[in-house]
Structure formats: C-alpha cells, structure tokens
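Worksheet: one structure, shown below.
Since we're looking at a predicted model, the values are computed, not measured. The first residue of the sequence shown is numbered 1, and numbering continues consecutively from there.
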Amino acid sequence: MYCPQCRVEYRDGFSECSDCHVPLLSGTPQPEAAEPFDPSLDLVVVFESSNSIQSAMAQGLLEDSGIPFFALGQLATLVRDVDGFLHKTIRLQVPAGRAAEARELLQLLEQPDSTSLDSEP
C-alpha cells in the first residue's frame, strides 16, 4: 500500500494517507523516471550579470515563462560570502530554439532605468 501523491508506503490495513488524505493504492510505488539529459541540446547564453538580484530576477522571469535554463557560475557566487569584493558573473543559458524569446523577455533587465531621481515631472 502506498500514497499516490507523496509516495509513502503503508502497512496492510491502512486505506488513506495520513498526510495527504487520499486513498492508498495497492502494491509498491514505482520509481519516478528522471528526465533524461539531452547532450545534443544546443544551449546559448542569453544573459550575463554579476548582480545577484538581477540574476535572480532573470531566472524568475524565465521560470514564469516556462523557458528551461541552466545557470553557469551560480556555485562560484558562494565565494562572495567569503570575499565580498569578488564579483562572479552568472550566465544564463537556454535552448537555442528559445533564445530569441528569452532575450526579448530579459531585455528590460539589461536596459538602464529610464527614470531619474533628478528629473522633474
């Protein structure tokens, strides 16, 4: 017996998952297949920044749009916690077929803010 949602196994005699409150299925849960990595996937860099906030915003925009991406250099930013003067660049890569869409989406992040604190209304 196992829960189809959380995949926790139960002994015989139980009929409902104590966490999910859904009916249990008989048998044992099948391992979930991991998405296979496609080595022929052509990735291109569409965004580069050493600003962690800007990089996080870019990743959020890509996620919200359903564009798969890979962040290069993200682990190297952990060194910043040790030495704040190091500015590690994060490069976001997307599949070549989605590059134009991603660049258009991220274009606003790369443009300087057109509003100025000194300008008058």
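Nearest heavy atom pair, residue Ser26 against residue Met1, reads CA-SD, 3.9 Å. The heavy-atom pair separating Pro68 from Arg98 by the smallest distance is CD-NH1, 3.8 Å. Across every non-hydrogen atom of Ser55 and Leu92, the tightest pair is O-CD1, 4.5 Å. For the pair Phe69 and Glu63, the tightest heavy-atom approach, listed with the atom from each and the gap, is CE2-CG, 3.5 Å. Closest approach of Cys3 and Val22 over heavy atoms only: SG-CG2, 3.7 Å. The two residues Tyr10 and Asp19 make their nearest non-hydrogen contact at OH-N, 4.2 Å.
Within the 4.5 Å cutoff, no side-chain heavy atoms of Ser50 are placed close to those of Ile90.
With Glu101 as reference, Ile67 is the one residue of Ile67, Val46, Leu106 to meet the side-chain contact (heavy atoms from CB on, under 4.5 Å) rule.
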Working for side-chain contact (heavy atoms from CB on, under 4.5 Å), residues Phe47 and Gln59 = CA-CA 10 Å; Phe47 182 82; Gln59 291 179 41; over 6 Å; no
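With rounding to the nearest 0.5 Å, the separation of CZ in Arg11 from CG in Leu24 is 12.0 Å.
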